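Have a look at the structure below, then the notes.
We count ligands from 1, going down the list as the structure has it; atoms in each ligand are counted the same way. Just so it is clear, the model here is predicted, and its values are computed rather than measured.
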Amino acid sequence: MDSTELDRTRFYVEGQWVTPLAGDTQVSLEAATGKPLGTAALGSAADIDVAVRAAERALHGPWGSTTAAERATIMRRFAEALAARADNTSALVSRENGMPIALSHAFNGAAPAGLLQMYADTIESTPLERARPSQAGSTIVRREPVGVVGAITPWNYPQVLAMMKIAPALAAGCTVVLKPAPETALDGYVLGEAAAEAGLPPGVLNIVVAGREAGAALVSHPLVDKIAFTGSTAAGRIIGAECGRLIRRCTLELGGKSAAVVLDDADLATFVAGLGDATFQNNGQTCTAQTRVLAPRSRYSEVVDAVAQYARDMVLGNPLDPAVTCGPMASEAQLERVLGYIDLGKKSGSKLVAGGARPAGLPDGWFVEPTVFADVDNSERIAQEEIFGPVITVTPYDTDDDAVRLANDSEYGLGGSVWTSDEDRGIAVARKVRTGTIGVNYYMQDLGAPFGGMKSSGIGRELGPEALDGYLEYKSIYAGAAQAG
Ligand code: NAD
């Protein structure tokens, strides 16, 4: 595929493919080869303004008076249209950001359609209006859509992270302006095509790929009612501050530096089998990645050897090859960032036990060897800062309480795991870790349960029926009083 094959230079706004008003175009490069993959437009604040106004019109148009059942019907059609495109979408995202293809099938192919179906079912069974007795008569308690939603997403799981916002928003009756990240500028088209095919009314979903400046214009646009953001904690702080100033609702899904706690009775074969999902998922470019392995001193060298061997055995290469377990980093900037942290690790008192360099034989893409540092003090920068690549630290501990203290000795609280032969003991430890999600003997996101972070990992929850709360406002209508006279 050459640079002209994928022309993604228009935006999906108000049901039309429109030419950007201003702004740049970029040639998107394939992560595994560094070669051109397609051309994409990058929007400006002016494009965001047009999209928000379209969303606002749609909110006050026929969409605003649809029933839950009507919205559910359209959402199911949207799901079908996405499912029909799932193979192409998965492959495209893998080429953009280096995600191994099986994972991309799950998160960019299957999950978005599944989420639309799930929230279609949820909204049909959620009462949106109920009367209850009051002192004066009866009060009608209603739930109304929050309004125009600005959804801002990162490049690591572009399709599912967008749909984790779009699906509950549509179910609630909101309208949406999605701003995907420039690193994955090409796959957002699929959402527009499928929405059009499903008959989503014009303006209900609008998509403008753009950088930070236009993202900031979306955050502060006067007609936006809520911001749903997934990305770095640094950007989340800026966005949260602006939303606070504007008294604008926001959910913030931010960074992580999660711990995998290996208890002294752990079955190491189970732990090693789970490392791919828990720790190295998407080449380490996963917000919940458990990149801090905490190992009991009594079995320390066993754990270090197992993690190092796993890292050495990972198969690097083109993520479209199903045998590949570690693809490239998503961009050159991301590769430089990861290599910078590896240098930092080498200069610290930690011991490099696997990887530590770019792999020989893969000079073109943005590859880095899965890397493991042992004997890492938890206060080191490589144990405290989110690296967002396949770089793991191993730190020894003495008692379960010590392990919990180390797991919690982090600015973040997003994911985590506990590995043990005694599930009750694992659950007891899991209860003590200050984190939004944690697995016992495996880690895999459950789309049916609330997902999000504690501490600097964010505010609010996505997924599960609970996510609907972020897209609905309560209103109480005091009624039913006896008329005077
Ligand atoms: P990023 O914060 O640089 O960018 C994310 C998105 O926000 C992009 O679309 C970007 O253009 C936009 N953006 C950045 N600054 C902005 C601003 N000031 N105003 C408006 N928009 C702005 O993050 P990234 O590098 O693309 O993604 C990686 C980060 O995302 C990691 O920290 C990762 O942990 C986090 N993440 C979190 C979750 C979660 O659910 N908690 C999921 C995936 C990724």
Item to check | Gly453 to ligand 1, any heavy atom closer than 4.0 Å | outcome: no
Item to check | Identity and distance of the protein heavy atom lying nearest atom 18 (N) of ligand 1 | outcome: Ile238 CG2, 4.0 Å
Checklist entry - Which residue holds the protein heavy atom closest to atom 11 (O) of ligand 1, what is that atom called, and what is the gap in Å? => result Lys179 NZ, 3.0 Å
Checklist entry - Considering only heavy atoms from C-beta outward, does the side chain of Val18 approach that of Arg10 to under 4.5 Å? => result no
Item to check | Side chains of Asp225 and Arg248 in contact at under 4.5 Å (non-hydrogen atoms) | outcome: no
Next on the checklist: Just to confirm my output: which protein heavy-atom neighbour is closest to atom 35 (C) of ligand 1, and how far is it?
Outcome noted: Gly231 O, 3.1 Å
Checklist entry - Should the proximity of Glu462 to ligand 1, defined as any heavy atom under 4.0 Å, be assigned to the side chain, the backbone, both, or neither? => result neither
Item to check | Residues Asp409, Lys257: salt bridge by 4.0 Å N-O rule | outcome: no
Checklist entry - Counting from 1, what ligand 1 atoms have a heavy atom of Ala181 closer than 4.0 Å? => result 8 (C), 9 (O)
Checklist entry - Right, does atom 27 (O) of ligand 1 have protein non-hydrogen atoms nearer than 4.0 Å? => result yes
Checklist outcome for this item: ligand 1 atoms nearer than 4.0 angstrom to some heavy atom of Ile152 are 6 (C), 7 (O), 9 (O), 12 (C), 20 (C), 21 (N)
Next on the checklist: Would Tyr157 count as a contact residue for ligand 1, given that I'm defining contact as a non-hydrogen atom of the residue lying under 4.0 Å from a ligand atom?
Outcome noted: no
Item to check | Close-contact set for ligand 1 against Thr230 heavy atoms, below 4.0 Å | outcome: 5 (C), 36 (N), 37 (C), 38 (C), 39 (C), 40 (O), 42 (C), 43 (C), 44 (C)
Next on the checklist: Only heavy atoms of Glu386, strictly under 4.0 Å: list the atoms of ligand 1 that pass.
Outcome noted: 31 (C), 32 (O), 33 (C), 34 (O)
Item to check | Sole candidate of Leu335, Leu316, Val391 that passes side chain to side chain contact (heavy atoms under 4.5 Å, CB included) when paired with Val368 | outcome: Leu335
Checklist entry - Given side chains that start at C-beta, do those of Asp469 and Leu472 come closer than 4.5 Å, heavy atoms only? => result no
Next on the checklist: Can a donor-acceptor pair be found, under 3.5 Å and without considering hydrogens, that links the side chain of Arg358 to the backbone of Gly356?
Outcome noted: no
Checklist outcome for this item: So the atoms of ligand 1 within less than 4.0 Å of a heavy atom of Gly215 turn out to be 19 (N), 20 (C), 21 (N)
Next on the checklist: Would Ile239 count as being in polar contact with ligand 1, using the rule that some N or O on each side must be under 3.5 angstrom apart?
Outcome noted: no
Item to check | Residues Lys165, Glu462; criterion salt bridge (Lys or Arg N to Asp or Glu O under 4.0 Å); working and verdict | outcome: CA-CA 8 Å; Lys165 298 157 181 59; Glu462 295 191 314; 3.0 Å; yes
Checklist entry - Which protein heavy atom lies closest to atom 36 (N) of ligand 1, and at what distance to 0.1 Å? => result Cys287 CB, 3.6 Å
Item to check | Sub-4.0 Å atoms of ligand 1 with respect to non-hydrogen atoms of Leu414 | outcome: 41 (N)
Checklist entry - With no hydrogens and no angle check, do the side chains of Thr230 and Tyr157 hold a donor and an acceptor under 3.5 Å apart? => result no
Checklist entry - Does the pair Arg53/Glu56 count as a salt bridge with the N-to-O cut at 4.0 Å? => result no
Item to check | Test of proximity, Trp155 against ligand 1: N or O pairs below 3.5 Å | outcome: yes
Checklist entry - Where is the nearest protein heavy atom to atom 7 (O) of ligand 1: which residue, which atom, and how far? => result Phe229 CE1, 3.1 Å
Checklist outcome for this item: Nearest non-hydrogen protein atom to atom 41 (N) of ligand 1, with distance, is Leu254 O, 2.7 Å
Item to check | Atom indices of ligand 1 within 4.0 angstrom of Ala235 heavy atoms, with elements | outcome: 2 (O), 14 (C), 15 (N)
Checklist entry - Heavy-atom distance to atom 15 (N) of ligand 1: which of Arg212, Gln334, Arg237 wins? => result Arg212
Checklist entry - Out of curiosity, Leu103 CG to Ser94 OG, how far, rounded to the nearest 0.5 Å? => result 8.0 Å
Item to check | Presence of salt bridge, Glu411 and Lys455, under 4.0 angstrom | outcome: no
Checklist entry - Taking both backbone and side-chain atoms of Ser232, is any N or O found less than 3.5 Å from an N or O belonging to ligand 1? => result yes
Item to check | Numbered atoms of ligand 1 (with element) below 4.0 Å of Asn156, judged on heavy atoms | outcome: 43 (C), 44 (C)
Next on the checklist: Between Phe451 and Glu253, is there a side-chain heavy-atom distance shorter than 4.5 Å?
Outcome noted: yes
Next on the checklist: If we set the cut-off at 4.0 Å for heavy atoms, which region of Thr288 has an atom near ligand 1: side chain, backbone, both, or neither?
Outcome noted: neither
Checklist entry - Under 3.5 Å, is there a donor-acceptor pair between the side chain of Asp187 and the main chain of Val93? => result no
Next on the checklist: Would Thr153 count as being in polar contact with ligand 1, using the rule that some N or O on each side must be under 3.5 angstrom apart?
Outcome noted: yes
Next on the checklist: Check whether Thr175 reaches the backbone of Ala55 with its side chain - one donor and one acceptor, N or O, closer than 3.5 Å.
Outcome noted: yes
